[in-house]
Amino acid sequence: MKNIVIFGAPGSGKGTQSDLLVEKYGFKHISTGDVLRGEIKNGTQLGQTAKSYIDKGQLIPDSLMIDILAATYDALGKCEGVIFDGFPRTIPQAEALKEMLAARGTEVSGMLELQVPDEMLIERLVNRGKTSGRADDNEETIKARLEVYHNQTSPLADWYENEGKRHA
Ligand code: ADP
């Protein structure tokens, strides 16, 4: 079974690339952003907590996110492969994913990196905001998300490089 991590900034096209892989290879897709937005829509306690971070463009705390990811993964059942879109976003999350998959007798097969310049990301996300209905697709929150990406998430590229799993 393949486990592919799609890695890139907000607006870099992780969702679009994931959809293509789902179509081509029949993999299942975990988007942690979609999982969280589902919780918000259903008005759960978890959704309320998630919303307070998402609206500010900040990350949901690692411990909470790791539990959500494991539960989502285990609910998928048997399949050819899984695409991780939006997880991991921090080094502790990458370590937790490695441990979680090892405990289930598997591992990350590869990390696919999408690189897009910041100006283009901002333009795309502002445009997406006109139709996405996402409260976090506004210029101020977009800038906060990009800062979070550069500070907390981009170091993961080197982390996966060290694991020998980084692909451009
Ligand atoms: P984007 O890549 O456009 O930022 P996502 O749907 O992946 O969109 O994420 C939206 C928001 O959900 C993030 O800004 C963050 O607040 C939260 N989120 C999603 N995945 C994670 C994660 N792995 N860890 C922490 N927060 C997350």
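One-based numbering, in listed order, for ligands and for the atoms of each.
A donor atom on one side chain and an acceptor atom on the other are not found under 3.5 Å apart for His29 and Asp34. Side-chain polar atoms of Glu39 and Thr44 form a donor-acceptor pair below 3.5 angstrom. Asn3 and Tyr73 share a side-chain donor-acceptor pair at under 3.5 Å. Asp136 and Thr141 share no donor-acceptor pair across their side chains, judged by distance under 3.5 Å alone. No side-chain donor from either of Gln93 and Glu95 sits under 3.5 Å from a side-chain acceptor of the other.
For atom 11 (C) of ligand 1, the nearest protein heavy atom (residue, atom name, distance) is Ile54 CG1, 4.0 Å. Looking only at heavy atoms of the protein, atom 19 (C) of ligand 1 is closest to Arg89 NH1, 3.4 Å.
When only interatomic distances are considered, the shortest N/O to N/O separation between Ala9 and ligand 1 does not fall below 3.5 Å. Considering backbone and side-chain N/O of Thr32, one or more are found under 3.5 Å from N/O of ligand 1. At least one N or O atom of Gly86, backbone or side chain, sits closer than 3.5 Å to an N or O atom of ligand 1. In terms of N/O distances under 3.5 Å, ligand 1 is not approached by Asp34.
A donor-acceptor pair under 3.5 Å is formed between the side chain of Lys165 and the backbone N or O of Val108. One N or O on the side chain of Arg124 and one on the backbone of Gly11 form a donor-acceptor pair closer than 3.5 Å. Under the 3.5 Å distance criterion, the side-chain polar atoms of Thr106 are left unmatched by any main-chain donor or acceptor of Ala102.
The heavy atom nearest to atom 24 (N) of ligand 1, out of those in Arg145, Lys51, Gln93, Gln152, is found in Gln93. Nearest residue to atom 2 (O) of ligand 1 from Met65, Lys14, Lys56, Arg128 is Lys14 (criterion: closest heavy atom). The option from Asp85, Leu97, Ile60, Thr141 that lies nearest to atom 26 (N) of ligand 1, judged by heavy atoms, is Ile60.
Near Gln58, the atoms of ligand 1 lying under 4.0 angstrom from a non-hydrogen atom of the residue are 15 (C), 16 (O). Close approach to Leu36 involves these atoms of ligand 1, each under 4.0 Å from a residue heavy atom: 12 (O), 17 (C), 18 (N), 19 (C). Atoms of ligand 1 found under 4.0 Å from any heavy atom of Arg37 (numbered from 1 in listed order, with element): 6 (O), 10 (C).
Side-chain contact between Met65 and Leu69: absent, with no pair of heavy atoms (C-beta onward) separated by less than 4.5 Å.
Residue contacts with ligand 1, taken as heavy atom pairs separated by less than 4.0 Å, involve Arg134 solely via side-chain atoms from C-beta onward.
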